[in-house]
Protein chains: 2
Amino acid sequence: MSPARTARALARETITREILDSARARLTTDGAAALSLRAVARDVEMVSSAVYRYFPSRDALLTALLIESYDELGEAAEAADAAVADRADAGARWLAVLRAVRAWCVAHPGEFGLLYGTPVPGYAAPRDTVVPAVRVVTVLARIVGDAYAAGARPVAAPGPGGPGGAPVTVAPALAFIADHELWSGTDLADDAVAEAVRRTIMAWTTLFGLISFELFGHQVGSVADPEAWLDEVARRLAADLGIGA
Amino acid sequence: MSPARTARALARETITREILDSARARLTTDGAAALSLRAVARDVEMVSSAVYRYFPSRDALLTALLIESYDELGEAAEAADAAVADRADAGARWLAVLRAVRAWCVAHPGEFGLLYGTPVPGYAAPRDTVVPAVRVVTVLARIVGDAYAAGARPVAAPGPGGPGGAPVTVAPALAFIADHELWSGTDLADDAVAEAVRRTIMAWTTLFGLISFELFGHQVGSVADPEAWLDEVARRLAADLGIGA
DNA sequence: CACGAGTTGAGAGCACTGCTCTCGGATTGG
DNA sequence: CCAATCCGAGAGCAGTGCTCTCAACTCGTG
């Protein structure tokens with residue numbers, strides 16, 4: 001963290017932190033797309049060109065914000081899960097995590113827009129962002145896996161035998177969830193694991209949609225109490241997953 | 001449509017159309033936030049200031065695009081529903097509409113970003129956009145209402161009597177769905193209507209999340225076949241709504 | 001302590017953006 | 001035909017990301 005604690009290195013750390021903090025503040029007020037490097041330069045009372053000593057480009061700054069935010073959100077989810085005393089109460093863990101995820105997003109709308117909103121025009125998130133990005137969904141999958149290991153099962157699934165066609169295959173890139181030791185404790189067959197993964201992803205999709213609607217103003221006036229609405233949706237999702245509240 | 005078919009009025013119509021078309025094209029290539037009025041001016045081979053004769057500001061242009069896009073999407077949904085011959089087959093109508101909505105969004109990613117993505121920084125959508133914005137969810141609610149009128153019912157709901165607390169109230173602004181004649185044919189009690197409305201909104205939330213994940217690149221590598229995935233999710237949602245496929 | 005090497009901040013400059021203003025020319029309705 | 005209106009062009013302002021140069025500062029080493 002501090003390889004050579006020289007005055008210069010220390011100043012660099014401090015200023016880098018200041019830039020990041022200012023950028024995140026402006027993220028919330030101005031939005032990710034309008035993040036202006038000159039504006040953060042004014043915030044930290046430097047000339048714009050000086051900021052480039054710390055971040056080689058606006059995109060590099062965005063990437064740093066992206067990783068930091070993903071990690072913060074993932075940690076919030078993990079902490080909420082860990083805070084539930086009764087580890088066997090999958091319903092309580094599920095609700096706690098979903099509440100924590102929404103709470104973080106509501107508290108950090110700018111960061112949420114950066115993470116999950118419209119991609120910033122000429123910017124493509126580099127590989128480094130993938131690992132922190134999947135922390136949240138991993139937490140969700142872990143809860144489901146624990147519940148299934150304890151004997152819980154999803155309700156009658158419209159899966160292979162249910163209505164409609166064969167379920168879609170989960171691509172290899174989701175192996176970190178599908179192949180995870182999460183499911184090793186369960187006595188689920190491989191296709192049952194795949195089914196659980198799909199349900200978890202679908203639940204995560206719903207949660208994301210919910211938060212997105214709330215933060216992007218698509219449910220103003222349609223949902224009176226967002227917190228209560230989240231609770232209700234969380235319970236429904238848990239019921240679908242068979243990890244009753 | 002053409003009150004005074006003078007040469008000037010005709011030219012104005014044509015150029016307005018050209019500007020809108022160019023703007024929508026740039027929407028997909030550059031993104032909504034980076035929509036440059038000067039760029040569309042170059043496209044239509046005018047000087048930037050001339051464009052202001054047609055749209056008083058960039059925001060006004062955005063609003064026009066917003067309304068036009070909402071209407072197009074809403075019409076696509078309505079058309080897909082209307083195209084299903086067997087009006088009593090709620091499952092088929094549901095699947096058709098969800099497919100059509102996704103198809104339109106995939107075909108118009110720029111417009112999707114404008115409609116449902118991160119709000120453009122200093123821009124607030126005016127009232128005019130509300131009516132076209134709700135066309136899609138109205139189509140969904142109509143299908144559910146028709147099915148319930150025909151006797152279908154949602155599966156055991158974790159509602160008032162189910163697990164968890166009391167369901168959240170739907171705010172008055174959603175009256176256009178809740179108070180709609182959609183439900184007058186059903187013999188549902190008021191709270192059952194509210195329950196159906198909530199389920200419809202939740203399904204719409206999931207659909208939006210799904211499309212958003214796909215278009216914003218949050219499921220690259222995690223879902224192999226987006227179309228098949230949509231079908232599967234649509235069937236699960238229909239099953240939850242009790243309008244089985 | 002001194003000095004060369006590396007780091008940092010400031011400033012000017014380029015090309016771009018949204019937007020406002022003015023000015024000459026074209027079109028319109030009376 | 002003519003006054004009123006509309007329209008396109010151009011200049012200009014303040015903002016943006018980014019590059020370059022230059023002077024000042026800090027650092028490890030001799």
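So that the names make sense, note that chain A is the first sequence line, chain B the second, and so on, each numbered from 1. For the numbers below, each heavy atom of this structure counts, side chains included, while hydrogens, waters and symmetry mates do not.
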- Task: Report, as a single string ordered 5' to 3', how protein heavy atoms within less than 4.0 Å touch nucleotides 15-23 of chain C: B base, S sugar-phosphate only, - not at all.
- Result: --BBBBBB-

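Contact annotation: B:R12 side-chain N/O to D:dC7 OP1/OP2 distance is under 4.0 Å.
Between the C1' atom of D:dT26 and the CD1 atom of A:I15 lies a distance of 13 Å, rounded to the nearest Å. Residue A:E45 contributes atom CD, which lies 14 Å from atom P of C:dG11 at whole-angstrom precision. Atom CE of B:M46 is separated from atom P of D:dG10 by 13 Å (rounded to the nearest Å). Regarding B:R8, its CZ atom lies at a distance of 7 Å from the P atom of D:dC6, rounded to whole Å.
Considering only residues two or more places apart in sequence or on other chains, B:A82 meets the side-chain contact (heavy atoms from CB on, under 4.5 Å) condition with none of them. In this structure, A:A11 has no side-chain contact (heavy atoms from CB on, under 4.5 Å) partners at least two apart in sequence or on a different chain. Under the side chain to side chain donor-acceptor pair (under 3.5 Å) criterion, A:R102 pairs with A:E214, sequence neighbours left out. Evaluation of the salt bridge (charged side-chain N to carboxylate O under 4.0 Å, His left out) rule for A:R26 yields A:D30, A:D43 as partners, not counting sequence neighbours. B:R17 pairs by the side-chain contact (heavy atoms from CB on, under 4.5 Å) definition with B:L20, B:D21, B:E68, not counting sequence neighbours.
Note on ring orientation: taking the six-membered ring where Trp is involved, the planes of A:H218 and B:F208 are tilted (angle from 30° to 60°).
Within the 4.0 angstrom heavy-atom criterion, only backbone atoms of the sugar-phosphate kind lie near A:Y54; the bases stay farther away.
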